[in-house]
Amino acid sequence: MSTISQWQLRAAFAARLSQMYGQEVPAYTTLVDVSREVNEDVLRARGADAERLGSIGRVTAERHGAIRVGTPRELQQAARVFAALGMHPVGFYDLREAAAGAVPVISTAFRPVDGEELARNPFRVFTSMLTAADPRFFDTDLRQRLETFLAARELFPPELLALADRAAVERELPQQEAERFLRLAVQAFELSPEPVDKAWYETLERISAVAADIGGVRSTHINHLTPRVLDIDELYRRMTGRGVEMIDTIQGPPAWKGPDVLLRQTSFRALAEPRAMRTPDGDVVSGALRVRFGEVEARGIALTPQGRALYDDLLGRVDEQAARNPSAARGDLARAVWERHMPGSEQELAAGKLGYFTYRPGPGLPGDGSGPPAGLDALLRQGWVTAEPIVYEDFLPRSAAGIFQSNLSSEGTRHDDQQGAAYDAAWLSGALGRDVLDPYALYEQQQTRSLARVARELGLPHVLG
Ligand code: OOG
Ligand code: NI
């Protein structure tokens with residue numbers, strides 16, 4: 001009997017989730033259509049260069065999802081479902097610190113980690129957990145009520161978790177079990193028709209709309225699914241042209257003529273979706289909630305810690321200038337800062353050890369017997385070695401906080417006089433019962449391996465680096 005491998009499960013899960021979400025949020029389908037059109041146009045205009053950061057096949061199928069859960073237990077269960085799909089927790093994001101308003105969550109991203117798996121299907125899910133223990137947002141009474149409410153709900157049925165554990169161990173499932181697993185997994189992220197307890201939801205909403213979205217209902221749902229686009233500025237114009245109301249900005253690096261780095265994201269505003277509500281008298285009335293939005297992103301080159309420090313520093317400069325010049329367009333200020341301080345080519349990023357690359361033996365090895373020169377720079381310059389950028393597969397906390405907040409109608413409340421509850425990557429690893437991987441270590445490993453291969457194939461005496 002045929003079996004379905006992990007990557008096939010992952011690809012099928014992403015595709016079915018996309019279909020389900022498209023039915024729930026029709027504007028998402030528009031976003032996917034426009035993204036595809038933009039990608040086709042970019043491919044036509046730029047040819048092979050358009051595929052420098054991923055084949056058109058990968059980019060067209062590429063999505064990230066976002067989900068939000070309430071407790072460490074729910075997070076651990078989500079991790080089991082993702083492990084079945086070959087997706088591992090990478091990175092720790094503290095959005096409480098990245099946001100000015102009330103975004104009481106910490107997050108990680110579940111994704112494939114090795115190059116081959118990413119190439120097969122790069123599906124990733126940004127996963128946030130409510131920080132109910134943080135007194136800046138929740139007092140003791142509310143924390144207790146929240147914890148009681150969350151302890152009584154079940155997001156993932158035992159049958160789903162059992163199938164997930166089996167897929168994680170066996171790295172595949174028989175066809176019938178795979179079908180059952182996929183059905184239950186997609187169902188776990190569908191919007192529930194169950195009436196929302198209006199008073200409870202509103203109690204949480206006064207603190208944070210995110211808290212209400214997570215802890216105010218008895219199930220979870222996919223918050224957004226994000227397609228990848230090759231020209232996000234063009235996408236923004238076309239969506240606006242179709243009358244879709246977008247948030248004010250594109251988060252992340254500005255549009256400029258140099259290399260794309262990290263991640264640029266934007267979204268359309270959260271839509272009011274009809275939801276049944278139960279009033280304190282027990283009546284069920286129709287209401288509307290505005291929490292789900294449509295995001296789109298463009299991915300660039302993964303930066304090293306030094307590259308990332310430069311990025312963060314430049315964002316700080318842009319902030320300062322924007323504060324001094326409130327009437328200037330932020331994008332213009334950012335572009336000017338970038339043009340002064342960000343390396344304008346991939347070669348400079350590589351030479352400055354600011355970006356990660358996969359190195360390969362070059363095509364035109366000279367045959368005069370003089371042998372390769374010493375040092376990576378010379379090898380690159382003389383064509384002995386080529387460098388292909390490694391794509392950034394992760395997220396940016398500040399952009400994530402920006403996306404969260406730009407879609408909220410109120411800032412919520414936070415009490416910064418209170419000491420925040422401490423969470424970090426180690427805490428998260430403990431809660432998940434598995435290591436939260438360091439994204440830099442993953443990129444570094446990919447680069448180091450490629451350099452070792454180059455050294456071997458060129459017969460160089462030293463490892464390059
Ligand atoms: C997650 C927001 C972060 C991103 O792409 O940075 C995110 C959420 O809204 O749950 O998805
Ligand atoms: Ni997102």
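Whatever order the structure lists them in is the order used to number ligands and atoms, beginning at 1.
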Sub-4.0 Å heavy-atom contact, E297 with ligand 1: no
Nearest-contact summary for atom 11 (O) of ligand 1 - protein heavy atom, Å: H224 NE2, 2.9 Å
Atom 5 (O) of ligand 1 [closest protein heavy-atom partner, distance rounded to 0.1 Å]: Q265 NE2, 2.8 Å
Contact check: E295 vs ligand 1, nitrogen or oxygen atoms, below 3.5 angstrom: yes
For the Ni ion (ligand 2): the N/O/S atom of H64 at shortest distance: NE2
Main-chain N/O of S5 paired to R10 side chain as donor or acceptor, under 3.5 Å: no
N, O or S atom within E295 nearest to the Ni ion (ligand 2), by name: OE1
Shortest protein heavy-atom distance from atom 3 (C) of ligand 1, along with the residue and atom involved: A400 CB, 3.4 Å
Heavy atom of the protein closest to atom 9 (O) of ligand 1 (residue, atom name, distance): R68 NH2, 2.8 Å
Mutual orientation of the aromatic rings belonging to F149 and W200 [parallel < 30°, tilted 30-60°, perpendicular > 60°]: tilted
Identified side chain to side chain donor-acceptor pair (under 3.5 Å) partner of E297 from the options H64, Q251, R228: H64
Test: R153 and E74 ion pair at under 4.0 Å: yes
Protein heavy atom at shortest distance from atom 2 (C) of ligand 1: F404 CE1, 3.4 Å
Ligand-side contact atoms (ligand 1) for residue partner A66, heavy atom cut-off under 4.0 Å: 1 (C), 8 (C), 10 (O), 11 (O)
Y93 and F126 aromatic ring geometry - parallel, tilted or perpendicular at 30°/60° bounds: tilted
Aromatic ring proximity, centroids under 6.0 angstrom, H224 and F293: yes
Per-atom contacts of ligand 1 with N223, taking only distances under 4.0 Å to non-hydrogen atoms: 9 (O)
Electrostatic pair R317-D313, nearest N-O below 4.0 angstrom: yes
F123 and F13 aromatic ring geometry - parallel, tilted or perpendicular at 30°/60° bounds: perpendicular
